[in-house]
*Asks:* 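Have a look at this one before I ask anything.
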Amino acid sequence: MIYLDHAATTPVKPPVLEAMLPYFTEYYGNPSSVYKLAQRNKKTLDDARAVVARHLGAEPKEIFFTSGGTEADNWAIKGIAAALKEKGNHIITTNIEHHAVLHPCQHLEKLGFDVTYLEVDGDGLVTPEQVEQAIRAETILISIMYANNEIGTIMPIAEIGTVARAHGVVFHTDAVQAVGHLPIDVKAENIDLLSLSGHKFYGPKGIGALYVRRGVKLPSFLHGGGQERGKRPGTENVPGIVGLATAIDLAYQDLAVKTARIKTLRDYLIDRIFERIPYCRLNGHRHQRLANNVNFSFDFVEGESLLLLLDIEGIAASSGSACTSGSLDPSHVLLALGLPHEQAHGSIRFTLGEDNTQAELDLVLDKLPVFVERMRSMSPLYEDFVQKNS
Amino acid sequence: MYSEKVMECFMNPQNVGEIENADGVGTVGNPRCGDIMKIYLKIEDNTIKDVKFKTFGCGAAIATSTMMTQMVKGKSIEEALKINNEAVAEALDGLPPVKMHCSCLAEEALQAALWNYAQKNQLSIEGLNPPPNYVAEEKGSTEEN
């Protein structure tokens with residue numbers, strides 16, 4: 001199989017799994033207990049927290065483990081809304097956020113909050129000026145993703161952080177696609193809250209974290225025991241936390257070398273798709289994008305049918321086309337870029353990983369033009385286009 | 001997520017193409033929902049002698065187009081009108097709930113093509129109503145659509 005869906009999830013790396021395994025059967029103690037077996041795990045948690053903090057430029061006390069990115073996003077957004085509702089009711093975000101940010105914002109709107117969804121440009125970017133212009137006296141939170149999961153566009157986070165700090169507004173970033181892939185320094189970038197998820201960088205599923213800058217008052221989202229200094233109750237997922245810490249450590253090892261290699265492969269794929277397939281469009285910024293993201297719309301064809309054909313050849317990719325997600329609406333991200341509906345339905349996302357090779361991409365490049373041609377030959381939209389241009 | 005039958009019809013689609021000087025042509029759907037189906041009919045002596053389709057859509061849309069065209073080929077107009085979306089879905093060993101609209105589209109596309117045939121020949125076909133998503137279509141005359 002050729003796996004090209006690393007933005008959806010990644011396999012757990014063998015050293016990560018190896019580090020986790022003893023914590024299921026051997027070191028299974030509850031870190032809150034008093035005996036040695038348990039206290040050993042308390043130390044394990046402290047070490048893991050320090051590793052995660054170090055890679056983000058944070059302090060260990062600022063890292064809170066969660067069940068994943070969705071929980072971290074929900075906690076950050078709903079938590080700040082609850083904490084600062086006396087100060088104001090205005091939240092700024094963008095129209096291409098992940099649903100784990102958009103849906104909490106929509107939920108808050110029902111509770112009386114006012115949300116500004118900044119409109120991205122054709123490449124999926126918002127500018128720091130746009131953010132600044134949207135700030136009002138009652139603005140309590142700015143939540144803008146670090147990098148987009150569908151199109152890979154990287155937002156100017158440090159510049160937005162500067163604006164947020166200057167206006168004294170709390171700044172959250174959903175960095176689920178960025179952590180482990182881009183160097184991040186929460187202090188230098190003036191980030192107050194940052195969400196991350198382990199399984200996006202070769203760690204396990206079901207574990208993530210929220211960075212909360214010291215001094216930011218964030219009430220608990222769950223209520224229960226005293227774990228995570230009372231902020232996030234529930235017995236710690238020790239194997240998951242060990243896996244997350246091991247994975248983030250490996251991810252940031254030789255990051256520049258790995259990124260350069262994947263970027264070369266990405267550009268190889270992009271350039272050859274443009275060469276071999278007419279009437280297509282690269283979605284997302286050409287350069288300011290994640291090193292592993294390739295997202296194309298192929299005119300006159302629908303994405304899911306291409307995915308099915310690729311799957312039969314053992315190629316795993318993803319589609320912005322909603323057909324795959326159980327809803328019929330096309331991707332909100334592609335519509336936000338200004339794509340017409342038929343193009344938004346015709347997108348394919350390839351997200352590369354550390355193990356992909358050029359030979360694998362060559363196979364994709366052999367098959368994809370044939371499949372696009374085949375679906376176009378069945379398409380009434382292509383028929384209309386040919387007639388109009390003949 | 002799809003039955004083997006759906007995948008078979010998707011992988012080996014039948015009756016794809018156009019019919020020159022078709023007796024009836026019908027297009028339904030729109031890019032917004034992600035499916036567009038266009039049906040061409042050749043009708044002689046009240047019988048569907050030939051049928052072809054062009055479809056923009058997902059795997060289920062291609063499969064239902066194939067199945068529906070296979071089911072109505074050779075049938076009288078009256079018999080063809082009895083083939084509804086449930087029959088098409090059933091012949092495909094079922095569709096995921098979210099894809100049932102594809103089978104409705106197949107039924108509507110057939111009705112649109114038959115409606116077009118009836119309009120052109122000033123016929124009144126019992127049980128045939130103008131389909132809800134009907135796009136009036138004569139080759140070369142509806143450039144804007």
Side-chain angles (χ1 to χ4, degrees), chain A residues 279 297-313 316-332 334-335 338-348 367 370-390, chain B residues 1-2 6-19 25-40 52-66 69 95-102 104-105 109 112-113 135 137 139-145:
Chain A
Y279 315 120
S297 284
F298 300 103
D299 290 357
F300 322 116
V301 299
E302 196 270 349
E304 191 219 67
S305 52
L306 289 177
L307 286 188
L308 290 172
L309 293 171
L310 289 167
D311 182 39
I312 285 160
E313 296 294 331
S318 165
S319 164
S321 146
C323 279
T324 46
S325 67
S327 113
L328 298 176
D329 301 321
S331 148
H332 70 284
L334 298 181
L335 292 179
L339 265 65
H341 276 79
E342 58 269 35
Q343 274 187 357
H345 274 292
S347 85
I348 295 274
K367 300 290 177 190
V370 179
F371 293 157
V372 171
E373 184 53 42
R374 176 167 162 186
M375 297 319 295
R376 279 180 180 163
S377 73
M378 281 188 222
S379 168
L381 297 177
Y382 189 57
E383 181 188 315
D384 290 349
F385 173 79
V386 171
Q387 274 173 13
K388 271 181 204 169
N389 291 281
S390 59
Chain B
M1 89 194 224
Y2 288 133
V6 171
M7 282 310 289
E8 189 189 309
C9 286
F10 168 68
M11 287 307 292
N12 304 297
Q14 305 293 312
N15 304 316
V16 178
E18 301 158 46
I19 296 175
V25 181
T27 304
V28 294
N30 64 60
R32 187 168 282 272
C33 68
D35 291 304
I36 300 170
M37 228 174 256
K38 184 172 187 179
I39 299 286
Y40 297 84
K52 298 268 187 215
F53 79 87
K54 284 269 177 102
T55 292
F56 165 86
C58 60
I62 307 283
T64 52
S65 304
T66 290
T69 52
L95 286 169
V98 72
K99 301 290 187 180
M100 278 305 286
H101 77 286
C102 297
C104 299
L105 217 56
V135 181
E137 186 143 15
K139 259 193 185 175
S141 69
T142 51
E143 284 288 295
E144 299 312 310
N145 289 328

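No experiment lies behind these values; they were computed from the predicted model shown. Per chain, numbering begins at 1; letters A, B, ... match sequence-line order.
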*Asks:* Taking all heavy atoms of B/Phe56 and all of A/Phe300, pick out the closest pair and write down the distance.
*Replies:* CD1-O, 3.2 Å

*Asks:* Counting only non-hydrogen atoms closer than 4.5 Å, does B/Ile36 touch chain A with its backbone (N, CA, C, O), its side chain (CB onward), both, or neither?
*Replies:* both

*Asks:* Can you see which heavy atom on B/Gly57 is nearest to which on A/Ser305, and at what distance?
*Replies:* O-OG, 3.6 Å

*Asks:* Please determine whether side chain to side chain contact (heavy atoms under 4.5 Å, CB included) holds for the pair A/Asp384 and B/Lys38, giving the CA-CA distance in whole Å, both sets of side-chain angles, and the decisive distance to 0.1 Å.
*Replies:* CA-CA 11 Å; A/Asp384 290 349; B/Lys38 184 172 187 179; 4.1 Å; yes

*Asks:* Could you check whether any side-chain N or O of A/Glu302 sits under 3.5 Å from a backbone N or O of B/Asp35, counting only pairs where one atom can act as donor and the other as acceptor?
*Replies:*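 Judged by distance alone, no pair lies under 3.5 Å.
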
*Asks:* Can you tell which part of A/Tyr382 gets under 4.5 Å to a heavy atom of chain B, answering side chain, backbone, both or neither?
*Replies:* neither

*Asks:* Do you know the tightest heavy-atom contact between B/Val16 and A/Ser377?
*Replies:* CG1-O, 4.3 Å

*Asks:* What's the spacing between B/Met1 CE and A/Glu304 CD if we round to 0.5 Å?
*Replies:*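 Going from CE on B/Met1 over to CD on A/Glu304, the span is 4.5 Å.
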
*Asks:* Check each atom of B/Pro13 against the heavy atoms of chain A and say whether the ones under 4.5 Å are side chain, backbone, both or neither.
*Replies:*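 Just the side chain, heavy atoms under 4.5 Å.
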
*Asks:* In terms of heavy-atom proximity below 4.5 Å to chain A, should B/Met7 be classed as side chain, backbone, both, or neither?
*Replies:* side chain

*Asks:* Under a 4.5 Å cutoff for heavy-atom pairs, which residue among A/Arg376, A/Arg374, A/Met375 has the most contacts with chain B?
*Replies:* A/Arg374

*Asks:* Taking every heavy-atom pair that is under 4.5 Å apart, which of A/Leu308, A/Leu335, A/Leu309 has the most such pairs with chain B?
*Replies:*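 If we count pairs closer than 4.5 Å to chain B, A/Leu308 comes out on top.
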
